[in-house]
Amino acid sequence: MELACISQNSPSLALSQTKSISLLKQSHAQLVKLSTPCNLSLTAKLVASYGKFGDLESALSVFDRCPQHPDAFLFNSLIQAHICGSLFRQAFQIYLQMLELGVSPNRYTFPLLLKACSTSFMLSQGAQLHAHCVKFGLNSSPFVTVALMDMYMKNGLIDSARRLFDRMVERDVVSWNAFLSGYSQNGRPEEALGVYNRMRVAGVTVDFVAIASVISACSQLRFLHQGKWIHSWVIKNGFGADVVISTALLEMYANSGDFWLTKKLFEEMPTKDLIAWNCLISCYVQSGMIGDSFELFRKMQHNGLKPNGSTLAGILPAVGRVGALHLVRSCHGFAIRNALDLDEYVMTALMDAFAKSSDLVAAQRLFNLIPNKSVVAWSSMIDGYGTHGYGAEPIILFEKMQENNIKPNHITYVGVLSACAHAGFVEEGQGYFRKMVDVHGIIPRLQHYACMVDMFARAGLFDDAVSLINQMPTEPSPGIWGALLGGCRIHGHVELGKFAAERLFELNSVDPGFYVLLSNIYAAAGMWSEVREIRSLMKQKGLRKPAGWSSIEIGNKVHCFISGDMSHSDSGKIYQKLEELMERISKVGYTPATKVVLHDVEADVKENVLRSHSEKLAMAYGLLKAAPGTPIRILKNLRTCEDCHVAAKFISKITNTEIILRDAVRFHHIKEGVCTCRDYW
DNA sequence: ATAGGGTTAG
């Protein structure tokens, strides 16, 4: 009854305040009963309200049953109803219908349609609408101008947006904010801060919407100090509870790598939206907390939030690091079931995870499916082929990428240079290093120098390696000396290896891998007293060589082995299979590479140690269990043992099986007795 | 009476 009262007094007010679809239907019925003479604006209200509740059928039927010729207001409502439900194509059809019926669009029509062009990147439709705005003389409306600016900004056309902004006579805070956020969203944070300063000089009262963009700009620039100052401003001005502002702050702390501060801010957030969860998950992943990030992913769903494309793109690098193919496949399945498999970010992240989990074929297949491949997609595919030991493919891809007008960035070059290093393409690598600086204007970072030193040292060009280190503008990092040390191990260069190791010790590097490398160099040269010296040095510093393990997935289960492992329930069969394999490969030329055993013990003891290495146990189990003809994928936590590598090549040949071995730094694709690393790793 | 600006991700 109360409802009837309100309806009679002010039916349109009642409609706009309707809180639920059932109340809306009641008011609608009331209106029909009252047989109010058909009122266009009331009809429009009804259409828009039904649209807001997602009941497009009712919206359309109200529209169709209106006996009067629809006006712009009524058309706008129908357009809005469709845009509310993301039915952009239909919204445009209604607009065309409106034009055909001779109803002129007004200054309310264009902001609605332009919004659709902003959110779904329909640039050509947006530009056509711009022409229509001019034609109907509506381009001076500030609402229309801001909507146009936003459409251009969201589509990356900063200059078009700026031209509109420059021509604006009266700029209010919303138009400034559209301009400011455009720069921030397009990855131009310096210019965003510039706009912010201009805004203040112009005397505009800055509001919290502007602040959200400023925080994002500070985050992109790693301006943590300024960011913290803004954080205090936010609290002082009472915006601390705003979910968008606090999410932007959260992202800033996550971006700066401050794990604890990020966690604290998240916990203190009064409302946590999907973006906040995604930021926190990414922060965990970037901090290397793989297990915790999975836990968080589950917890988020437990809290009733549904993962979107960003969530998946954020968690996938962690999945890739685990290297378990069945996990990547189940993520792919999850993406398909939730219609996220066409999201460009998800596709790229999936592709990368497949490559890192040894399925380069699946990675390539996904790569082919990505319609507009970003620089990240190209870089990831290049890196994938490179780490899998291919030399020519990364270079072909790199050239193709440039033919497609995608500009390489510093990460692309890390992939290209390391591929050249792994493949022994010294001249090509030097050429690309120069091109990086001269053509693409990228200042070489430590990683690039490390690739080059690695490339020279692997090729035995130690003079070039050392002179490059001397030319470096900054202090060499442990990674640089480590690359040199690695080359010294390959070529048995004791003196230089010792020199590189001394530099590493000076830098207080606590990576036990470097100590092991040096001790390997000494062991290979038979310098056992030096080996002992390194051992005791490690002991002194409390450093321990991590225990080696190899794992293999059978079905959806991961089986892990350590050297001499007897804990597996199929151990008897595994050792029997191993025995059989070793016997067969010995007949075709395999001899144990006992020199890799780093203890000063008798040869037969060494052979026994080698025989039960974790890689070999995993291989034997794989051959025991996997369907014939399918590749065997093994994951090793450290670098591959030389003897296991030789044995794997023989085994691949006699069993006609492809063995894909991922170690700490790269992949080995071993097929018909040959490895993609060409024994050069 | 209906319309414009903010946060995430490989």
Side-chain angles (χ1 to χ4, degrees), chain A residues 10 12-13 15-16 39-42 44-45 47-49 51 71-81 83 105-115 118 138 141-151 153-154 172-182 184-185 207-217 219 239 242-252 254-255 273-283 285-286 307-317 320 343-353 370 373-381 383 411:
Chain A
S10 170
S12 78
L13 187 72
L15 280 179
S16 61
N39 174 331
L40 272 175
S41 79
L42 210 52
K45 270 270 177 198
V47 169
S49 302
D71 63 354
F73 184 14
L74 184 50
F75 268 115
N76 290 347
S77 304
L78 195 63
I79 289 171
Q80 190 192 27
I83 285 173
N106 60 17
R107 66 204 157 96
Y108 295 96
T109 317
F110 290 111
L112 286 168
L113 292 168
L114 286 166
K115 179 117 181 163
S118 307
L138 296 165
S141 152
F143 279 79
V144 172
T145 310
V146 169
L148 279 169
M149 254 173 56
D150 188 53
M151 182 275 294
M153 281 297 197
K154 295 263 160 48
D172 63 1
V173 66
V174 178
S175 44
W176 276 101
N177 285 346
F179 196 52
L180 164 64
S181 69
S184 166
Q185 285 163 352
D207 66 358
F208 65 105
V209 175
I211 291 301
S213 291
V214 171
I215 294 169
S216 165
S219 160
F239 297 121
D242 183 276
V243 66
V244 176
I245 295 269
S246 33
T247 309
L249 284 167
L250 182 79
E251 204 282 323
M252 182 184 75
N255 218 359
D273 65 358
L274 185 59
I275 298 176
W277 278 94
N278 290 351
C279 284
L280 190 68
I281 291 174
S282 291
C283 185
V285 174
Q286 275 154 28
N308 67 0
S310 310
T311 322
L312 211 51
I315 197 85
L316 273 164
D343 179 308
E344 184 209 322
Y345 284 93
V346 172
M347 286 178 103
T348 309
L350 265 173
M351 180 206 111
D352 193 63
I370 304 175
K373 299 170 186 50
S374 68
V375 62
V376 182
W378 284 98
S379 305
S380 167
M381 198 69 242
D383 184 65
I411 297 167

Which of these nucleotides, dT8(B), dA1(B), dT7(B), is closest to any side-chain atom of A248(A)?
dT7(B)

If you check the Q80(A) side chain, which of dT2(B), dG10(B), dA1(B) turns out closest?
dT2(B)

For the side chain of E251(A), starting at C-beta, report the closest nucleotide among dG6(B), dT8(B), dG10(B).
dT8(B)

Starting at CG of D71(A) and ending at P of dT2(B), how long is that distance when rounded to a whole Å?
14 Å

If you check the I275(A) side chain, which of dA3(B), dG10(B), dT8(B) turns out closest?
dT8(B)

I want to check something: taking the side chain as every heavy atom from C-beta on, are L74(A) and L78(A) in contact at a cut-off of under 4.5 Å?
no

Between dA1(B), dG10(B), dG4(B), spot the one nearest the side chain of F73(A), thanks.
dA1(B)

Aromatic-base stack, Y345(A) on dG10(B), cutoff 5.5 Å, angle under 30
no

Restricting to side chain to side chain donor-acceptor pair (under 3.5 Å), what partner residues turn up for S213(A), sequence neighbours left out?
none

At under 4.0 Å between heavy atoms, what does S219(A) touch on the DNA or RNA strands: base, sugar-phosphate, or nothing?
nothing

Just checking S213(A): base, sugar-phosphate only, or nothing, at a heavy-atom cut-off of under 4.0 Å?
sugar-phosphate

Mind checking V346(A) for me? I need base, sugar-phosphate or nothing, with any heavy atom below 4.0 Å counting as a touch.
nothing

Can N106(A) and T109(A) be counted as having a side-chain donor-acceptor contact under 3.5 angstrom?
yes

Distance test, side-chain N/O of S216(A) to OP1/OP2 of dT8(B), below 4.0 Å:
yes

Does the ring of F143(A) lie flat against the base of dA3(B), closer than 5.5 Å centre to centre with planes under 30°?
yes

Touch class at under 4.0 angstrom, heavy-atom based, for I245(A) against every strand present:
base

Protein-nucleotide distance (F208(A), atom CZ; dG6(B), atom P), rounded to Å
12 Å

For a quick check of understanding: with a heavy-atom distance under 4.0 Å over all strands, which category does K154(A) fall into, base, sugar-phosphate or nothing?
sugar-phosphate

With sequence neighbours left out, write down each residue that passes side chain to side chain donor-acceptor pair (under 3.5 Å) with S175(A), or none if nothing qualifies.
D172(A)

dT2(B) phosphate, OP1 or OP2: any side-chain N/O from K45(A) under 4.0 angstrom?
yes

Using a cut-off of 4.0 Å on non-hydrogen atoms, how would the nucleic acid contact of S380(A) be classed: base, sugar-phosphate, or nothing?
nothing

Taking the minimum atom-to-atom distance to the side chain of S41(A), which one of dT2(B), dA1(B), dT7(B) wins?
dA1(B)

When we call it a touch if two heavy atoms are under 4.0 Å apart, what does D150(A) touch: a base, just sugar-phosphate, or nothing?
sugar-phosphate

Tell me what Q185(A) touches on the nucleic acid: a base, only sugar-phosphate, or nothing, going by heavy atoms under 4.0 Å.
sugar-phosphate

Between Q286(A) and dG10(B), is there a contact of a side-chain N or O with OP1 or OP2 at under 4.0 Å?
yes

Between dA9(B) and S310(A), counting only base atoms on the nucleotide and side-chain atoms on the residue, is there a donor-acceptor pair under 3.5 Å?
yes

Nearest-neighbour nucleotide for the N278(A) side chain, dG4(B), dT8(B), dA3(B) considered:
dT8(B)

Answer with yes or no whether D242(A) presents, from its side chain, a donor or acceptor under 3.5 Å of a partner atom in the base of dG6(B).
yes

Between D150(A) and L114(A), is there a side-chain heavy-atom distance shorter than 4.5 Å?
no

Check every strand shown and say whether F110(A) touches a base, only sugar-phosphate, or nothing at a heavy-atom separation below 4.0 Å.
nothing

Check: D343(A)/N308(A) side-chain N/O donor and acceptor closer than 3.5 Å
no

Report which part of the nucleic acid A313(A) touches: base, sugar-phosphate, or nothing (heavy-atom distance under 4.0 Å, all strands).
sugar-phosphate

Considering every strand and a 4.0 Å limit on heavy-atom distances, what is the contact class for D343(A): base, sugar-phosphate, or nothing?
nothing

